[in-house]
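Everything on this sheet refers to the single structure shown next.
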Amino acid sequence: MELKYESFADVDLSDSFFDSLREDYQGFNDWFVSKAQKGDEAYVIRDQNHSIQGFLYLKIEEEEHSDITPNLPRARRVKVGTLKINAHGTRLGQRFIKKMVDWAVSNSINELYVTVFSKHVHLIKLLERYGFEYWGKKSSSSGDENVLIKTIGRVTGDLEKDYPVLDASRKAYILSIYPQFHTKLFPDSILKNETPDIVKDISSSNSIHKIYICNLKGVESLRRNDVLVIYRTADGGSAEYTSVATSMGVVEETRSIYDFHNEQEFLDYASPYSVFSVEELKNLWRTKRYPKIIRFTYNVSLSKRPNRKSLIEDVGIDRDAYAGFMELSSEQLKKIAALGKINESIIIN
């Protein structure tokens, strides 16, 4: 499956995917047609048969909402106008949450809101997990909906609820990842010369959470809330120009493969968020060649990707340091964030 930004006019409104939305919202078809006429666009995920499996419409608002109790005061916000997925165990919901947060950050907006009927229990739990909080009720001809709001940059101390905030006061490190693994783990950080077809609809691609299994020296020193700068190694040509920093994330935990009592326990932990197949994970369990496991969140993709040359000359990393894993100072982290054109709202000190 592939996530694309498509015009409403190019989306088949008769697709059965929209049946539940037609049932929930009076006038849904008319609304959809009006969006198509205006040239509006939405994020669409399709399967190999071109059938829709996910739909996300976002818009920027700057108005008061008196139809919400209590009133939602005037402010610049991202409204999640339509959000629906066909859940099939590959964490498309997390992919969409990341996309809506990315979209808000890229537009320099720190507040998002969504309306959702109480019957959608799993969706509400997912939204609350990543920092959406109950505000009130919205009444319409379709019934009463819950209004949930997320404020980006609000820090609660809960790593998931605070997503995508990065704490520059924490220790920070560069983590090197080979290209073939990088592409699968970070679908929003692929390079321009990579085809999006490479990114499959699998848990490791869709999830906000990632697991990386390696034997890099020093990664066992990582602690919860430490910041990771993801560094895609070269796949041909000079590393000075083709090795690049692409993303940033936050450490959840590190473990050793020896922590698990048996193979199944290891598989249950690693398979939902790892790039490796079950058979590959079984081989890793048997051989123990790569015993170090890092679980972290995928917080932001850098708009500009500083290469190794820039990291050395502009950021000041040591050319002779171990390239697989190295510590960064707070100032070096901030320089990479600035070079990567990361919105300052997600960096706290």
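Just so you know, these numbers use all the heavy atoms, side chains as well, and skip hydrogens, waters and symmetry mates.
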May I ask you to decide whether E145 forms a salt bridge with K138, counting only side-chain N to carboxylate O separations under 4.0 Å? no
Scanning both residues in full, the closest heavy-atom pair of Y163 with N299 reads CE1-CA, 3.6 Å
So that I can tick it off, tell me whether K292 and E220 are bridged by a salt bridge, with the cut-off set at under 4.0 angstrom between side-chain N and carboxylate O. yes
What I'd like to find out is whether the side chain of L3 reaches to under 4.5 Å of the side chain of V44, using heavy atoms alone. no
Any donor-acceptor pair under 3.5 Å linking the side chain of T297 with the backbone of G249? no
Hey, mind stepping through V229 and Q332 against side chain to side chain contact (heavy atoms under 4.5 Å, CB included) and telling me if it holds? CA-CA 11 Å; V229 175; Q332 286 174 326; over 6 Å; no
Please check if I152 and V300 belong to a single hydrophobic cluster, counting links between Ile, Leu, Val, Met, Phe, Trp and Tyr side chain heavy atoms closer than 4.5 Å. yes
Give a yes or no on whether L126 and L159 share a hydrophobic cluster (residues Ile, Leu, Val, Met, Phe, Trp, Tyr; joining criterion: side-chain heavy atoms under 4.5 Å apart). yes
Check: S243 side chain, A234 main-chain N or O, donor-acceptor pair, under 3.5 Å: yes
Is the distance between the ring centroids of F276 and W285 less than 6.0 Å? no
Derivation and outcome, salt bridge (charged side-chain N to carboxylate O under 4.0 Å, His left out), residues R76 and E63: CA-CA 7 Å; R76 193 163 184 258; E63 57 192 69; over 6 Å; no
Does any N or O in the side chain of K150 come within less than 3.5 Å of the main-chain N or O of Y130, such that one atom is a donor and the other an acceptor? yes
Check whether Y241 forms a cation-pi arrangement with R308 (NZ or CZ under 6.0 Å from the six-membered ring centre, at most 45° off the ring normal). no
Using only atom types and a distance under 3.5 Å, with no angle test, would you say the side chain of S277 pairs donor to acceptor with the backbone of E280? yes
Hey, mind stepping through R295 and E252 against salt bridge (charged side-chain N to carboxylate O under 4.0 Å, His left out) and telling me if it holds? CA-CA 5 Å; R295 176 172 162 138; E252 295 185 81; 3.1 Å; yes
Before accepting this row, confirm whether a basic side-chain N of the pair D19/R22 lies closer than 4.0 Å to the acidic partner's carboxylate O. yes
Could you please spell out the steps behind the side chain to side chain contact (heavy atoms under 4.5 Å, CB included) verdict for Y231 and L175? CA-CA 6 Å; Y231 180 72; L175 177 69; over 6 Å; no
Can we say R319 and E240 salt-bridge, meaning some charged N sits less than 4.0 Å from an Asp/Glu carboxylate O? yes
Determine whether N307 and T242 make a side-chain contact, defined as any pair of heavy atoms from C-beta on separated by less than 4.5 Å. no
Within a strict 4.5 Å, meaning less than it, do heavy atoms of the R46 and S51 side chains meet? no
Quick one: do K35 and Y57 satisfy side chain to side chain donor-acceptor pair (under 3.5 Å)? Show the steps, please. CA-CA 10 Å; K35 294 300 177 185; Y57 170 60; 3.2 Å; yes
Run F17 and Q53 through side chain to side chain contact (heavy atoms under 4.5 Å, CB included) and show every step you take. CA-CA 7 Å; F17 174 86; Q53 298 299 320; 5.5 Å; no
Quick one: do the S139 and D144 side chains pair a donor with an acceptor below 3.5 Å? yes
Is a donor on one side and an acceptor on the other found under 3.5 Å between the side chain of S34 and the backbone of W31? yes
Does the pair K59/E41 count as a salt bridge with the N-to-O cut at 4.0 Å? no
Pair W103-Y5, side chain to side chain contact (heavy atoms under 4.5 Å, CB included): steps then yes or no: CA-CA 12 Å; W103 202 80; Y5 201 45; 4.1 Å; yes
Within the 4.5 Å heavy-atom criterion, are I149 and L112 side-chain neighbours or not? no
Nearest heavy-atom pair of Y290 and L284: which atoms, and what distance? CD1-CD2, 3.5 Å
E133 vs E128 side-chain heavy atoms within contact, under 4.5 Å: no
Quick check on the 6.0 Å ring-centre criterion: do Y113 and H65 meet it? yes
Verify the neighbour count for atom NZ of K288: are there more than 12 heavy atoms of other residues, nucleotides or ligands below 6.0 Å? yes
Could you check whether any side-chain heavy atom of V121 comes within less than 4.5 Å of a side-chain heavy atom of K125, counting everything from C-beta outward? yes
Return the minimal non-hydrogen interatomic distance between V219 and T254, and the atom names on each side. O-CG2, 3.8 Å
So does A168 get a backbone contact from the side chain of K334, meaning a donor-acceptor N/O pair under 3.5 Å? no
Can you check whether S256's main-chain N or O pairs, donor with acceptor, with D259's side chain at less than 3.5 Å? yes
Would E61 and R77 count as a salt bridge (charged side-chain N to carboxylate O under 4.0 Å, His left out) if you check the C-alpha gap in whole Å, the side-chain angles of each, and the deciding distance to 0.1 Å? CA-CA 5 Å; E61 291 185 344; R77 301 183 182 89; 6.0 Å; no
Within 6.0 Å of NZ in K309, more than 12 heavy atoms from elsewhere: no
Derivation and outcome, side chain to side chain donor-acceptor pair (under 3.5 Å), residues H50 and D15: CA-CA 10 Å; H50 206 60; D15 193 304; over 6 Å; no
Go through the side-chain N and O atoms of N215 and R289 and say whether any donor and acceptor fall under 3.5 Å apart. no
Mind checking whether I85 and V11 sit in one hydrophobic cluster, side chains of I, L, V, M, F, W, Y counted as touching below 4.5 Å? no
Do L339 and L166 belong to the same hydrophobic cluster, where Ile, Leu, Val, Met, Phe, Trp and Tyr are linked whenever their side-chain heavy atoms lie under 4.5 Å apart, directly or via other members? yes
Compare all side-chain heavy atoms of T246 with those of S301 and state whether any distance is below 4.5 angstrom. no
Kindly say whether the aromatic ring centers of F117 and Y25 come within a distance under 6.0 Å. yes
Decide, yes or no, whether a salt bridge links E279 with K282 under the criterion of side-chain N to carboxylate O below 4.0 Å. yes
H182 versus I230: any side-chain heavy-atom pair under 4.5 Å? yes
Are any side-chain N or O atoms of D30 and backbone N or O atoms of G27, one a donor and one an acceptor, separated by less than 3.5 Å? no
Is it true that atom CD of E344 has more than 12 heavy atoms of other residues, nucleotides or ligands lying nearer than 6.0 Å? no
Donor-acceptor pair, distance only, cut-off 3.5 Å: does the side chain of K304 make one with the backbone of I342? no
Quick check, are the ring centers of Y43 and F96 under 6.0 angstrom apart? no
N/O donor-acceptor pair under 3.5 Å between D318 side chain and D320 backbone: yes
May I ask you to decide if the ring planes of Y269 and F260 are parallel, tilted or perpendicular, using 30° and 60° as cut-offs? tilted
Looking just at side-chain N and O atoms, do D162 and T156 make a donor-acceptor pair shorter than 3.5 Å? yes
Is there a side chain to side chain donor-acceptor pair (under 3.5 Å) between S118 and N146? Walk through the geometry before answering. CA-CA 7 Å; S118 296; N146 299 302; 3.0 Å; yes
Could you check whether F55 and F8 have their ring centres less than 6.0 Å apart? yes
With a 6.0 Å cut-off on ring centres, are F325 and Y173 close enough? yes
Within 45 degrees of the ring normal and closer than 6.0 Å to the centroid, is that where the cationic atom of K98 sits relative to Y298? yes
Verify same cluster id: M100, V105 (apolar side-chain graph, 4.5 Å): yes
